[in-house]
*Asks:* 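Got a structure for you, questions after.
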Amino acid sequence: MPTDLLPPNATPFERALAQSLARISEVPVPLRDLWSPWNCPIELLPWLAWALSIDRWKAEWSEYQKRMETARAIELQRRKGTPASIEDLLESYDRLIQLVEWFETSPRMDPHTFQVIIPIDGTQAARTTAAFQREIVRDIFRTKPARSHFDLVLKLACAAKLTLRGAGHAMVFRRLTLASDVSVTDVLVTEDGFALTTETGEILEVG
């Protein structure tokens, strides 16, 4: 009884190849494990994350973080575009970063707009770096509703007196070039990356 569908005039090479390929069906394929974020082999986990439409993925994450994000993929996609999804995103960066919607400001902003406020308190210098802010903006774009626009605002959380006279820290001006529907407050910062403020605690902006 033939084990293949090759014609009678098949060559020995073709029959040998058919027999070799027939053995593939005998190789066990653990489908349940391959689709499980917790059991999938770590080298295949990025492919599972891609299949589940993960928006964020970092090679430097720990194995637990990668598996956790993959396990939350479906839940995150269901909530995508909601304020809660943006708040979850911001919390993953820093719990002190705030989301302020248009109706929570005074005076009110335009509908379908919001602010992302990054506090500057001298404890997290990374918050003031261009790389950190660009990464947040990129991930917010992937999460927010398409109709919404937002401002990224640097806000001094703990003001200290600062004199601009004498041989103080050198001042530099940092401008971020971002997408057209994002505006970043332009501020003067020290050489250490911290915003300069007035004695009343107001950030010195560039006019």
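Numbers for residues simply follow the sequence, beginning at 1.
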*Asks:* Holding to salt bridge (Lys or Arg N to Asp or Glu O under 4.0 Å), I want the full list of residues that pass it with Arg95, two or more places apart in sequence or in another chain.
*Replies:* Glu91
*Asks:* Would a 4.5 Å heavy-atom cut-off, applied to side chains only, mark Leu90 and Val116 as touching?
*Replies:* yes
*Asks:* Which heavy atom of Ser148 sits nearest to which heavy atom of Phe114, and what is that distance?
*Replies:* CB-CE2, 3.9 Å
*Asks:* Mind checking the CD-CH2 spacing from Glu69 to Trp57? Nearest 0.5 Å is all I need.
*Replies:* 8.5 Å
*Asks:* Can you hop from Leu48 to Leu34 via hydrophobic side chains spaced under 4.5 Å?
*Replies:* no
*Asks:* For Ser36 and Arg32, indicate whether the former's side chain and the latter's backbone hold a donor-acceptor pair under 3.5 Å.
*Replies:* no
*Asks:* Can you tell me how far CH2 of Trp38 sits from OG1 of Thr70, rounded to the nearest 0.5 angstrom?
*Replies:* 8.5 Å
*Asks:* Give a yes or no on whether the backbone of Asp55 and the side-chain of Arg142 come within a donor-acceptor separation of less than 3.5 Å.
*Replies:* yes
*Asks:* Taking atom CD1 as the centre, does Ile42 end up with more than 12 heavy-atom neighbours from other residues, nucleotides or ligands that are less than 6.0 angstrom away?
*Replies:* yes
*Asks:* Working to the nearest 0.5 Å, report the span between NZ of Lys58 and NZ of Lys66.
*Replies:* 12.0 Å
*Asks:* What distance separates Ile86 CD1 from Arg79 CZ, expressed to the nearest 0.5 Å?
*Replies:* 11.0 Å
*Asks:* State whether the side chain of Arg67 and the backbone N or O of Cys40 hold a donor-acceptor pair below 3.5 Å, judged by distance alone.
*Replies:* yes
*Asks:* Looking only at heavy atoms, which two atoms of Gly81 and Pro145 are closest? And how far apart?
*Replies:* O-CG, 3.0 Å
*Asks:* Taking the side chain as everything from C-beta on, heavy atoms only, tell me whether Leu76 gets closer than 4.5 Å to Ser53.
*Replies:* no
*Asks:* Closest approach of Glu43 and Pro46, non-hydrogen atoms and distance?
*Replies:* O-CD, 3.8 Å
*Asks:* Side chain of Glu104, backbone of Glu101: donor and acceptor closer than 3.5 Å?
*Replies:* yes
*Asks:* In terms of ring plane angle, is the pair Tyr93 and Phe132 parallel, tilted or perpendicular, where the classes change at 30° and 60°?
*Replies:* perpendicular
*Asks:* Taking the six-membered ring for Trp, are the ring centroids of Phe141 and Phe150 within less than 6.0 Å of each other?
*Replies:* yes
*Asks:* How many angstroms lie between CH2 in Trp61 and CE in Met68, if you round to the nearest 0.5 Å?
*Replies:* 11.5 Å
*Asks:* Please check this pair: side chain of Asp151 against backbone of Val153, looking for a donor-acceptor N/O pair closer than 3.5 Å.
*Replies:* no
*Asks:* As an exercise, state the distance from OG of Ser85 to NZ of Lys80, rounded to the nearest 0.5 Å.
*Replies:* 9.0 Å
*Asks:* For the residue pair Asp110 and Thr113, establish whether any side-chain heavy-atom pair is separated by less than 4.5 Å.
*Replies:* yes
*Asks:* With side chains defined as the heavy atoms from C-beta onward, is the minimum distance between Gln115 and Leu152 less than 4.5 Å?
*Replies:* no
*Asks:* side-chain contact (heavy atoms from CB on, under 4.5 Å), that's the test. Do Leu154 and Gln133 meet it? Break it down for me.
*Replies:* CA-CA 10 Å; Leu154 304 182; Gln133 293 160 7; 3.4 Å; yes
*Asks:* Can you name the closest pair of heavy atoms from Leu52 and Gln77 and give their distance?
*Replies:* O-CG, 4.2 Å
*Asks:* Are the side chains of Arg56 and Ser92 in touch, meaning some heavy atoms are under 4.5 Å apart?
*Replies:* yes
*Asks:* Looking at Thr143 and Asp139, what are the two nearest heavy atoms and their distance?
*Replies:* OG1-O, 3.0 Å
*Asks:* For the hydrophobic clusters of this structure (ILVMFWY residues joined by side-chain heavy atoms under 4.5 Å, transitively), does one cluster hold both Ile97 and Val137?
*Replies:* yes
